[in-house]
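Since the structure comes first, as structure tokens, the remarks are kept for the end.
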There are 2 protein chains.
Amino acid sequence: METRIERIKSQLHSQKYKLTPQREATVRVLLENEKDHLSAEDVYLLVKDKAPEIGLATVYRTLELLTELKVVDKINFGDGVSRYDLRQEGAAHFHHHLVCIECGAVDEIQEDLLGDVEKVVEKGWNFLIKDHRLTFHGICYRCQEKNDKE
Amino acid sequence: METRIERIKSQLHSQKYKLTPQREATVRVLLENEKDHLSAEDVYLLVKDKAPEIGLATVYRTLELLTELKVVDKINFGDGVSRYDLRQEGAAHFHHHLVCIECGAVDEIQEDLLGDVEKVVEKGWNFLIKDHRLTFHGICYRCQEKNDKE
DNA sequence: GTGTGTGCAAAGCTTTTGCAGACCC
DNA sequence: GGGTCTGCAAAAGCTTTGCACACAC
């Protein structure tokens, strides 16, 4: 059974890139924190535990590389930093996000909710869709419960 | 008949803010370029024609103020700059965008396509939606035509 | 005169780039 | 040895902040 890391390694090799120790450490951090939405700085701090010598520039370069390979998606919730989010293997489209405006939590929706909407857009606006970004801003179930108790 | 500017002026006054000449010039630039998605720098350069003394910091401060008042929305297409987009008066939700990955054009969809999707999310994920951001990345009709001719 | 608003310059952030050295086949 | 890759430091954005001055009531 091939592991996820090995598949990413093959993907790198197929484009003549190497899976260096620094790159591997970065990918492992991403895999271990799949649910979070880490900024480059976050990734850097976590990678330093595994590879203390690594530089921030290398993390940026690796994240850019992984974005190019579509292993991760670079996302932006409007707070001034880019975040990097592992793409689900085999996912045709990027997943959606729920950003809580009270506590800042970011939850994910893996289901594809936009199938019908995309058809409407492709036909109605004559636009050939390659990807999408959908983010809802509102109040998460945790904050709703908290507010109800008060 | 009250103009758009006057309504914005009232909105400012109701929050104890003034519509200074600089703020008015900035708002006018936004109104005159409603279809574009201007960055702060873009706005600054255009405002300078009307009010040459204005500083970039004032433009930033004004745009922040207008964002707070929900006159404009601060958006981000992942190119490293924030853009400011006039919110349609009375629109319950923010409109959607079509970003062309070939020519960079940004078109708008004013129709609300997410009514059903929002119901699904609110029920299924127990999330109280306040706003959304939906952007499609793909190829616009102009580039499709151009590609067909080649 | 008190408070808000402004312009300028400086500072703060995140992110990118230049470069010399390290590493690998 | 020729390529890729890396770490460090510097540079390059975009955006915010500090401060003294201007203006309005």
Side-chain angles (χ1 to χ4, degrees), chain A residues 8-29 37-69 71-85, chain B residues 8-29 37-69 71-85:
Chain A
I8 292 171
K9 186 175 178 177
S10 308
Q11 242 183 304
L12 283 162
H13 286 170
S14 73
Q15 310 270 328
K16 307 265 189 288
Y17 295 120
K18 297 168 196 162
L19 184 64
T20 63
Q22 290 91 335
R23 288 178 183 165
E24 179 166 347
T26 304
V27 171
R28 285 193 188 281
V29 162
H37 299 81
L38 303 175
S39 68
E41 182 81 26
D42 294 336
V43 174
Y44 173 59
L45 292 174
L46 289 166
V47 172
K48 274 191 122 171
D49 293 339
K50 296 177 194 293
E53 305 309 314
I54 203 169
L56 181 54
T58 300
V59 171
Y60 271 103
R61 283 186 282 234
T62 302
L63 291 171
E64 195 194 341
L65 187 56
L66 294 172
T67 304
E68 191 189 305
L69 293 177
V71 171
V72 300
D73 276 291
K74 189 175 177 175
I75 50 176
N76 202 304
F77 296 128
D79 58 351
V81 289
S82 293
R83 297 176 181 280
Y84 297 85
D85 206 355
Chain B
I8 292 171
K9 186 175 179 178
S10 308
Q11 244 182 304
L12 282 163
H13 285 169
S14 73
Q15 309 272 323
K16 307 264 188 290
Y17 296 120
K18 297 167 197 164
L19 185 63
T20 63
Q22 291 91 336
R23 288 180 184 164
E24 179 166 349
T26 305
V27 171
R28 284 194 188 281
V29 162
H37 298 82
L38 303 174
S39 66
E41 182 82 26
D42 295 336
V43 174
Y44 173 59
L45 293 174
L46 290 166
V47 173
K48 273 191 121 170
D49 293 340
K50 295 177 195 291
E53 307 308 315
I54 202 169
L56 180 54
T58 300
V59 172
Y60 271 104
R61 284 185 282 231
T62 302
L63 291 171
E64 196 196 340
L65 186 55
L66 294 172
T67 304
E68 191 190 305
L69 292 177
V71 170
V72 301
D73 276 292
K74 189 174 179 178
I75 51 177
N76 202 303
F77 295 129
D79 59 351
V81 290
S82 292
R83 296 173 182 282
Y84 297 85
D85 205 354

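In this text, all values refer to a predicted model and were calculated from it rather than measured experimentally.
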Heavy atoms, side chains only, cut-off 4.5 Å: are [X] and [Y] in contact?
| X | Y | answer |
| --- | --- | --- |
| A:Asp79 | A:Arg83 | yes |
| A:Ile75 | A:His37 | yes |
| B:Thr58 | B:Thr20 | no |

Within this structure, what is the [atom1]-to-[atom2] distance between [X] and [N], rounded to whole angstrom?
| X | N | atom1 | atom2 | answer |
| --- | --- | --- | --- | --- |
| B:Leu56 | C:dC8 | CG | C1' | 11 Å |
| A:His13 | C:dC24 | NE2 | P | 13 Å |
| B:Asn76 | C:dT14 | CG | P | 15 Å |
| B:Lys16 | C:dG5 | NZ | C1' | 17 Å |
| A:Leu19 | D:dT4 | CG | P | 17 Å |
| B:Tyr17 | C:dG3 | OH | P | 16 Å |
| B:Asp79 | D:dC14 | CG | P | 10 Å |
| A:Lys18 | D:dG3 | NZ | P | 12 Å |

Given [options], which nucleotide is nearest the side-chain atoms of [X]?
| X | options | result |
| --- | --- | --- |
| A:Ala57 | C:dT17, D:dT15, C:dT4 | C:dT17 |
| A:Ile54 | C:dG7, D:dG7, D:dT6 | D:dG7 |
| B:Thr20 | C:dT6, D:dT6, C:dT15 | C:dT6 |

Report which part of the nucleic acid [X] touches: base, sugar-phosphate, or nothing (heavy-atom distance under 4.0 Å, all strands).
| X | value |
| --- | --- |
| A:Glu64 | nothing |
| A:Glu53 | sugar-phosphate |
| B:Ser82 | sugar-phosphate |

Practice prompt. Respond yes when some side-chain nitrogen or oxygen of A:Tyr60 is under 4.0 Å from OP1 or OP2 of C:dT15, and no when none is.
Written response: yes
Q. Where each residue is assigned the nucleotide of DNA chain D containing its nearest heavy atom, which of B:Arg61 and B:Arg83 is assigned the position nearer the 5′ end?
A.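 Going by which nucleotide is closer to the 5' end, it is B:Arg83.
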Notebook entry, point to check: Can you list the steps and then say if B:Ile8 with B:Leu69 is a side chain to side chain contact (heavy atoms under 4.5 Å, CB included)?
Noted result: CA-CA 9 Å; B:Ile8 292 171; B:Leu69 292 177; 5.7 Å; no
If the test is side chain to side chain contact (heavy atoms under 4.5 Å, CB included), which one of B:Asp49, B:Val47, B:Val59 qualifies with B:Val29?
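With B:Val29 as partner, side chain to side chain contact (heavy atoms under 4.5 Å, CB included) holds for just one option, B:Val47.
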Legend entry - Residue closer to the 5' end of DNA chain C, B:Tyr44 versus A:Tyr84 (nearest nucleotide):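 Closer to the 5' end of DNA chain C: B:Tyr44.
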